[in-house]
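Atoms within a ligand are numbered from 1 in the order they appear, just like the ligands themselves.
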Amino acid sequence: MFYHRKETIIPVNVGAPDARFGTFLLEQFGGATGELTAALQYWVQSFHITDASIRDMLQDIALEEFSHLEVVGKLIEQHTSKLDQEDVYAAPLFRVRGVGPHFVDSQGSAWCAAYINEGGNVVRDLRANIASEAGARQTYEALIHASSDEGTKKVLTHLLTREITHAQMFMAALDKMGKLDDPYFGTIKPDDTVDLVFNLSKGDDHRGPWNKAPQFRFENDPKPSGGLPPSPVNPDDEHMPTAAE
Ligand code: MN
Ligand code: MN
């Protein structure tokens, strides 16, 4: 069951409407890193997560993301409330489709369920969520840099802040399971190449803890060990006569 409160989670007051900036804001409404993606991703994940405390966290964050979606939508609505003739060129998406948010990104591409990263395992999902929060935070930073309206920047700075909080929550949940710095999960054991690192680019090589002992074995000059694969068998392919024929 859902309730909706008509008050927004934070005040939304745009000082100077700018339809072109409204177009940029669509990235966080109907774009890949946007609030619809986050809300639906955490919500759908919560259906398959057996740990009650992590399921509850995901549902709380999902609903906060819906509150963010509402706030971004209000920002877009206010930025597009005074469409003028110039907006035909500066913000054609709104000039054609009308005032307010639409579920497209800043380039006009329709929102797509393939943006959602989820599937069947709590560790997998929480890691995906950390990446999602990083994407959202980065888009908000770009939007803040592109904005000259103080009211807008205040809202966007709050939204950026909350994505950091969410990333910290997902990290704390992984830490509770001992999975924050342990890449193993699931039931299948990896093979004996698990600590092997290949140097497959030649030139100005650099080393770091990701390819050094004691955690990793570094293969500086890796050789293929698979032999030549058998030729394909394809009766429909064109037949080239051999020398004997
Ligand atoms: Mn958000
Ligand atoms: Mn978030």
**Q** Please determine whether residues F103 and F94 belong to a single hydrophobic cluster, defined as Ile, Leu, Val, Met, Phe, Trp and Tyr linked transitively by side-chain heavy-atom distances below 4.5 Å.
**A**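 Yes, same cluster.
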**Q** Might you work through the side chain to side chain donor-acceptor pair (under 3.5 Å) test for S53 and D51, ending with a clear yes or no?
**A** CA-CA 6 Å; S53 58; D51 183 293; 2.5 Å; yes
**Q** Report yes or no: do T8 and E70 form a side-chain donor-acceptor pair below 3.5 Å?
**A** no
**Q** Within the side chain of D125, is there an N or O that forms a donor-acceptor pair under 3.5 Å with the backbone of G119?
**A**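 Such a contact is found between D125 side chain and G119 backbone.
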**Q** Can you list the steps and then say if I9 with E64 is a side chain to side chain contact (heavy atoms under 4.5 Å, CB included)?
**A** CA-CA 8 Å; I9 196 166; E64 186 180 349; 4.2 Å; yes
**Q** Check this for me: K154, atom NZ, are more than 12 non-hydrogen atoms of other residues, nucleotides or ligands nearer than 6.0 Å?
**A** no
**Q** Listing residue and atom name, which protein N/O/S atoms are closer to the Mn ion (ligand 1) than 2.8 Å?
**A** E35 OE1, E35 OE2, E65 OE1, H68 ND1, E163 OE2
